[in-house]
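What follows is one structure encoded as structure tokens, with my remarks underneath.
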Number of protein chains: 2
Amino acid sequence: MTSNTYHHGDLRKNLIENGLVLLNKEGIDGFSLRKVAALCGVSHTAPYRHFKNKEELIHEIAQEVWRSFSSALADAVNAYPENPKLQIIEMGKRYVQFLVEKPEYLSFIFMSDSAIPIQVSKTGIHSQVDAFNVFSESAKNYFHAASIDPAVHKEKTLLMWSMVHGMALLVAKKNLIYQGDYMELIENMLVQYLD
Amino acid sequence: MTSNTYHHGDLRKNLIENGLVLLNKEGIDGFSLRKVAALCGVSHTAPYRHFKNKEELIHEIAQEVWRSFSSALADAVNAYPENPKLQIIEMGKRYVQFLVEKPEYLSFIFMSDSAIPIQVSKTGIHSQVDAFNVFSESAKNYFHAASIDPAVHKEKTLLMWSMVHGMALLVAKKNLIYQGDYMELIENMLVQYLD
DNA sequence: TTTAAATGTTGACAGTGTAAACTTTTCTGT
DNA sequence: ACAGAAAAGTTTACACTGTCAACATTTAAA
């Protein structure tokens, strides 16, 4: 059913890969189905055999970007295996860095309508996407180490995620102009909160 | 020079107004120069007599949206003239509410490349846009009332703005799913921080 | 009142997403 | 092994987009 040697090898995978390449080369505005098809050496309607429409291809690319974003955060945790506080600070930095270095990715993972939800319920916070779970885990460890009242864990986790997310977007979108090291800025901000 | 009764009255102004109408009706994806021109009852290239290109019209519309956003925040301040803490909480709520009620506006004020910068320097934080200055002022008043060390005012102000901004975007973009009242959520989060 | 500038229109062009009809390759059931 | 179905890709077509050049008309300036 889902075998892999047809006319063009695995075109589906190829479209996603070249989509990412195009995205990095021309940004979200220069992104088009037809260009991706051309990069794959295929007619401009071939993508429709694999994706319902442009949006669906973008959604798949977004999944790919989510994976590399999640792994950037996971790297931050691995950098300080025993220190949840430093994990959080490092994650904040990499969160910003990731979006600043590849601002096109931002449009794909946070701006497209194919949102990846974070569920907030009475009992806690869960997500379909690794990135948030990684962050959430470090937060939990930090709260335990700092003996924070469990009743406020949820609010505090959300607060930190919002804070990091907000600053990352402000910086990546150049709404926030800082003459100096952005890494220092976000570090100060997180230290400010965590102490 | 800049008079106002030509062939079509003041087309420039009319384009911005109808641009906003179209935006509300069809969202950012359905937005096109030609549709705006049609709404003004004018040929599809007429806008080029007033704007260099599509981007420039969007930029002007964004300015308009910024004004109403700023005034939404100013209203929050006026609602609690003597209580900076409640001002901040109310601003957080209206920040979220504004973007949730009109998610299309979000693309225009925060996502377009015509970013409105917030300047962060050694001495303090300043912005060309009213919205941030309003927020910044309340924050300053709160810090004084709460006797917070002036050395950390800058970080704390940025922290709060980032937090509110981040949550507003997560909620408006439906990255954050909360079964309940979002206003309560952001209120809890801010109270959590301000206490 | 003549002339220039400002404003608006028509027509064209390349690029876009997508649908329909068709062709070719591969898979499946007998 | 073969017939037919399904999958994958192509061609053609269409409506829509932003933008440019050439032209027309109205208004302002000399």
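In what follows, chains carry the letters A, B, and so on, assigned in the order in which the sequence lines appear, proteins first and then strands, with residues in each chain numbered from 1. Just so it is clear, the model here is predicted, and its values are computed rather than measured.
Just one of A/Arg12, A/Arg67, A/Lys54, A/Lys13 meets the salt bridge (Lys or Arg N to Asp or Glu O under 4.0 Å) condition when paired with A/Glu60; it is A/Arg12.
Summarising the geometry, the separation between CD on A/Glu56 and P on C/dA19 is reported as 12 Å, rounded to the nearest angstrom. Remark: P of D/dC16 and CD of B/Glu26 are 12 Å apart, rounded to the nearest angstrom. Going from atom NZ of B/Lys13 over to atom P of C/dT7 covers 16 Å, rounded to whole Å. In this entry the distance linking CG of A/Asp29 with C1' of C/dG17 reads 16 Å, nearest Å. Rounded to an integer number of Å, the gap from CZ of A/Phe51 to P of C/dA19 is 16 Å. We find that CD of A/Glu55 is positioned 16 Å from C1' of C/dT16, with the value rounded to whole Å. We find that CG of A/Asp10 is positioned 15 Å from P of D/dA7, with the value rounded to whole Å. Rounded to whole Å, the distance from CG on B/Leu33 to C1' on C/dT9 is 16 Å.
Along DNA chain C, the nucleotide nearest to B/Arg49 and the one nearest to A/Lys54 differ in position, and the one closer to the 5' end is contacted by B/Arg49. Between B/Ser43 and A/Phe31, the one whose closest nucleotide on DNA chain C sits nearer the 5' end is B/Ser43. For the pair B/Thr45 and A/Thr45, both in contact range of DNA chain D, the more 5′-proximal nearest nucleotide belongs to A/Thr45.
Which of C/dT16, C/dT18, C/dT9 sits closest to the side chain of A/Tyr48 comes down to C/dT18. Comparing atom distances between the A/Ala46 side chain and each of C/dT18, D/dT10, D/dT19 picks out D/dT10 as nearest.
Between A/Phe31 and A/Phe108, the ring centre distance stays below 6.0 Å. The aromatic ring centres of A/Trp66 and A/Phe110 sit less than 6.0 Å apart.
Between B/His44 and D/dT19, a side-chain N or O to OP1/OP2 separation shorter than 4.0 Å is absent.
Note on A/Lys35: only backbone sugar-phosphate atoms sit closer than 4.0 angstrom, heavy atoms only; bases stay farther off.
You'll find a donor-acceptor pair under 3.5 Å spanning the side chain of B/Arg34 and the base of D/dT19, going by distance alone.
The residues B/Asp181 and B/Lys93 are annotated as not salt-bridged, no charged nitrogen and carboxylate oxygen being separated by less than 4.0 angstrom.
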**Message:** Show, in sequence, the C-alpha distance, side-chain angles and deciding distance for A/Asn24 and A/Tyr105, and conclude whether the side chain to side chain donor-acceptor pair (under 3.5 Å) test is met.
**Reply:** CA-CA 8 Å; A/Asn24 281 318; A/Tyr105 284 10; 3.1 Å; yes
